[in-house]
Amino acid sequence: MKTVPFSFDLRSPDFIPSTYDNHIKRTLSAMKGQYLDQQAYNQLLARDDALLYEVYEIKRPKVAGELLHGISIVHPGKVGDEYFMTKGHFHTVLDTAEIYYCQKGQGYMVMETPEGDWAVEPLFPGRVLYVLPRWAHRSVNTSAGEDLVTFFVYPGNSGHDYGTIEAQGFRKLVIECDGQPAIIDNPRWYQPGRRYSQERLSQPENR
Ligand code: S6P
Ligand code: ZN
């Protein structure tokens with residue numbers, strides 16, 4: 001761990017940081033149950049456990065006062081009509097925010113609160129996105145054949161809660177519809193205490 005001020009370059013090659021401490025690779029098999037089209041997911045997985053996204057992290061102590069940061073690269077592609085995306089998570093310490101700066105590609109940040117409020121914000125080069133405390137977040141790459149590259153920074157004590165999203169999904173999905181990205185309701189999204197109709201469970205809305 002560094003004990004003097006440090007810097008690194010982001011722009012070359014392929015936006016991989018000039019120095020980093022950790023390289024996380026997430027493949028299709030890590031996204032079981034997250035894509036709407038389970039048949040397309042299983043077919044794709046049977047052919048190849050494709051690399052969906054990578055994270056390059058600069059290691060810092062996971063304590064308040066420190067800032068954890070690095071680069072996230074979501075590769076292009078789709079499972080059925082749904083674009084490649086990150087798992088998405090709440091921060092374990094809910095009241096911690098995060099900043100994303102998009103360097104390359106086109107996509108969206110899908111966000112929601114535990115109460116079910118949602119937002120889907122575009123990402124494109126030069127765009128800074130402030131993810132508010134309490135908002136779960138997932139990045140989605142809608143680029144045709146191009147990586148979605150973002151720089152992220154968040155408080156050292158945030159932690160990651162993946163379980164909530166794994167269990168209920170995000171309220172909104174980003175899919176390709178008539179060649180364009182479209183935001184639809186996730187028919188499998190679940191919130192305790194909410195009433196569900198059979199129609200809602202079987203049919204995506206706004207499609
Ligand atoms: C961490 C931050 C990013 C994500 C990365 C991968 O708080 O939001 O570093 O970890 O984009 O996404 P995920 O959902 O697999 O952690
Ligand atoms: Zn985060």
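Indexing begins at 1, ligand by ligand and atom by atom, following the structure's order.
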Could you check whether Glu112 and Trp189, counting side-chain N and O atoms only, form a donor-acceptor pair closer than 3.5 Å?
yes

N, O or S from His137 under 2.8 Å to the Zn ion (ligand 2)
yes

Between Tyr100 and Phe152, what is the ring plane arrangement, given parallel below 30°, perpendicular above 60°, and tilted in between?
tilted

If the cut-off is 4.0 Å to any non-hydrogen atom of Tyr162, which atoms of ligand 1 fall inside it?
13 (P), 14 (O), 15 (O), 16 (O)

Taking atom 3 (C) of ligand 1 as the reference point, the nearest protein heavy atom with its distance:
Tyr100 OH, 3.4 Å

Using heavy atoms and a 4.0 Å limit, tell me yes or no: is Glu57 in contact with ligand 1?
no

Which residue and non-hydrogen atom of the protein lie closest to atom 10 (O) of ligand 1, and at what distance in Å?
His89 CE1, 3.7 Å

Compute the shortest N/O to N/O distance between Gly88 and ligand 1 and return yes if it is under 3.5 Å, no if not.
yes

Where does Arg138 meet ligand 1, judged by heavy-atom distances below 4.0 Å: at the side chain, the backbone, both, or neither?
neither

Among all protein non-hydrogen atoms, which one is nearest to atom 5 (C) of ligand 1, and what is the separation to 0.1 Å?
Val55 CG2, 3.8 Å

Taking only non-hydrogen atoms of His137 and a 4.0 Å limit, the atoms of ligand 1 in range are 8 (O)

Roughly how far apart are Trp135 CH2 and Leu94 CG, rounded to 0.5 Å?
12.5 Å

Angle between ring planes, Tyr35 versus Tyr41, binned at 30° and 60°: parallel, tilted or perpendicular?
parallel

Can you tell me how far OG1 of Thr27 sits from CG of Leu52, rounded to the nearest 0.5 angstrom?
6.5 Å

Give the residue, atom name and distance (to 0.1 Å) of the protein heavy atom nearest atom 1 (C) of ligand 1.
His160 NE2, 3.0 Å

Ring centres under 6.0 Å, that's the criterion: do Tyr154 and His160 meet it?
yes

For atom 2 (C) of ligand 1, what's the nearest protein heavy-atom neighbour? Residue, atom name and distance, please.
Glu98 OE2, 2.7 Å

Between ligand 1 and Ser72, is the shortest N or O to N or O distance under 3.5 Å?
yes

Quick one about His75 and Asp147 (side-chain donor to acceptor, distance below 3.5 Å, no hydrogens or angles considered), yes or no?
yes

Row for the Zn ion (ligand 2): angle NE2 (His91) to OE1 (Glu98), 10° precision, value 80°

Give the residue and atom name of whichever protein heavy atom lies nearest to atom 12 (O) of ligand 1, and the separation in Å to one decimal.
Thr86 CB, 3.5 Å

Any idea how His69 and Phe6 line up, ring-wise: parallel (<30°), tilted (30 to 60°), or perpendicular (>60°)?
parallel

So, do His23 and Tyr56 have ring centers that fall under 6.0 Å from each other?
yes

